[in-house]
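Inspection log for the structure reproduced underneath, given as C-alpha cells.
Residues take their numbers from the sequence shown, with the count starting at 1.
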Amino acid sequence: MARRYDPDRRRRIIDAAIRVVGGRGIAGLSHRSVAAEADVPLGSTTYHFKTLDELMVAALRQANEGFASAIRESGALAEPGVDVAAELARLMGEWIAGDRARVELEYELYLAALRRPALRPVAAEWTEGVAEVLARHTDPVTARGLVALMDGICLQALLTGGAYDQGYARELLGRLLRP
C-alpha cells in the first residue's frame, strides 16, 4: 500500500502536542497521547520527533509566538516618542485577557525548561527576541530587565488567579525605563 503524502502532518502533530499539554499538562504528553490527539499513527510522531524533547521543543517554539509576535508587530512600539511602558502594559493586558488558557499553556511549556535542558535554548530565544525588540527603546540590560519584569507580572496574575492590573504594570515598567 502506498504512503499518502501529508505535508501538514508535522504541523498537526505539533498542534496536537500543544492541545495535549493544554488539557493534561506536561505529564500527559507522550508520543502515544499526541498520536491519538492528532489522529495519526504512533509511528508518525516518532518519525517526525525522535524524542519527546524534540516534540516539546517544537511545541514551545510554536507556543512562544503569541506574545513575542504581538511585541514585534506592535505598530505603536515603532513610533517615535511612544510611551513604551504604557504600550507594553497594554500588550500584556490584551495577551492575558485574550485566551488565558493559551497563556497558561505557553508558560507551562516555557517553565518546563527548568527540568528539561533541551528546552532551555528555545526559552532563551524567546527572551532574547523580545529583549532585542525592546533594546530599540533602551539599553540591552534594561531591555532584559523589562522582559523579566513582564514575565513576573504575568506569572503572578496567572498563579494567583487575580486580574491583570494594567496601571500597576505600566508603573513598574515605567520605573525601569526612567533615566
Side-chain angles (χ1 to χ4, degrees), residues 11 14-15 17-27 29 53 56-179:
R11 173 67 179 227
I14 295 168
D15 290 343
I18 289 171
R19 287 192 306 274
V20 167
V21 172
R24 304 179 206 169
I26 293 289
L29 187 69
D53 280 350
M56 289 178 71
V57 163
L60 178 57
R61 189 164 276 128
Q62 182 172 312
N64 275 348
E65 278 306 302
F67 188 65
S69 64
I71 287 182
R72 277 193 311 273
E73 295 166 9
S74 170
L77 283 175
E79 295 174 13
V82 65
D83 182 342
V84 175
E87 180 61 9
L88 291 175
R90 182 189 69 74
L91 289 169
M92 288 167 46
E94 284 180 1
W95 182 56
I96 287 177
D99 182 355
R100 196 170 181 114
R102 180 73 177 192
V103 175
E104 290 171 357
L105 165 73
E106 287 183 43
Y107 269 110
E108 186 164 3
L109 284 166
Y110 180 63
L111 292 173
L114 291 170
R115 301 265 186 235
R116 292 185 173 272
L119 298 177
R120 291 179 187 159
V122 181
E125 284 172 19
W126 179 87
T127 302
E128 292 163 9
V130 173
E132 186 178 303
V133 171
L134 298 178
R136 297 177 194 147
H137 300 281
T138 187
D139 63 277
V141 172
T142 302
R144 287 179 53 213
L146 289 168
V147 173
L149 179 57
M150 290 186 299
D151 266 345
I153 291 170
C154 289
L155 276 171
Q156 284 178 359
L158 293 171
L159 294 173
T160 63
Y164 170 74
D165 184 342
Q166 187 168 326
Y168 168 76
R170 194 246 167 265
E171 174 64 26
L172 289 178
L173 292 164
R175 288 181 186 192
L176 267 182
L177 287 163
R178 285 189 195 120

At what distance, to the nearest 0.5 angstrom, does CG of Leu159 lie from OH of Tyr107? 9.5 Å

Applying salt bridge (charged side-chain N to carboxylate O under 4.0 Å, His left out), name anything that partners Glu94, two or more places apart in sequence or on another chain. Arg90

Are Ile14 and Arg61 close enough that some pair of their side-chain heavy atoms sits under 4.5 Å apart? no

Within this structure, what is the CG-CE distance for the pair Leu149 and Met92, rounded to the nearest 0.5 Å? 7.0 Å

Can you find a pair of side-chain heavy atoms, one from Glu106 and one from Trp95, that are under 4.5 Å apart? yes

As an exercise, state the distance from CG of Leu60 to CG of Leu105, rounded to the nearest 0.5 Å. 9.5 Å

Assess whether atom CZ of Arg144 is packed by more than 12 heavy atoms of other residues, nucleotides or ligands within 6.0 Å. no

For Glu108 and Ile26, work out which heavy atoms get closest and say how close. OE2-N, 3.0 Å

With a 4.5 Å limit on heavy-atom distance, are the side chains of Val103 and Cys154 in contact? no

Determine yes or no for a side-chain-to-main-chain donor-acceptor pair under 3.5 angstrom, with Arg170 supplying the side chain and Ala85 the backbone. no

Can you list the steps and then say if His137 with Val82 is a side chain to side chain contact (heavy atoms under 4.5 Å, CB included)? CA-CA 9 Å; His137 300 281; Val82 65; 3.9 Å; yes

Closest approach of Pro121 to Ala118 (non-hydrogen atoms, all atoms of both residues): CD-O, 3.4 Å

Is there side-chain contact between Leu119 and Asp53, with heavy atoms separated by less than 4.5 Å? no

Looking at Glu132, I want to see if its CD is surrounded by more than 12 non-hydrogen atoms of other residues, nucleotides or ligands under 6.0 Å. no

Please tell me if the side chains of Leu158 and Arg100 come closer than 4.5 Å, counting only heavy atoms from C-beta onward. yes

Set out, in order, the CA-CA distance, both residues' side-chain angles and the distance that settles side chain to side chain contact (heavy atoms under 4.5 Å, CB included) for Leu176 and Thr138, then state yes or no. CA-CA 10 Å; Leu176 267 182; Thr138 187; over 6 Å; no

For Gly93 and Tyr164, the nearest pair of non-hydrogen atoms, with its separation, is CA-CE2, 3.2 Å

Is Arg136 paired with Glu79 through a side-chain N to carboxylate O contact shorter than 4.0 Å? no

Could you state the interatomic distance from CD (Gln156) to CG (Asp151), rounded to the nearest 0.5 Å? 11.0 Å

So Ile71 and Leu88, do their side chains get closer than 4.5 Å, heavy atoms only? yes

Considering only heavy atoms from C-beta outward, does the side chain of Asp15 approach that of Gln62 to under 4.5 Å? yes

In short, Leu29 meets Met56 closest at the heavy-atom pair CD2-CG, 3.3 Å

State the CG-CG distance between Leu177 and Asp139, to the nearest 0.5 angstrom. 9.5 Å

Tell me, do Leu173 and Met150 make a side-chain contact under 4.5 Å, heavy atoms counted? yes

One should read off an interatomic distance between Leu155 CG and Thr160 OG1, to the nearest 0.5 angstrom, of 10.5 Å

Could you pull out the closest heavy-atom pair between Ala143 and Ala131, with the gap in Å? CB-O, 3.4 Å

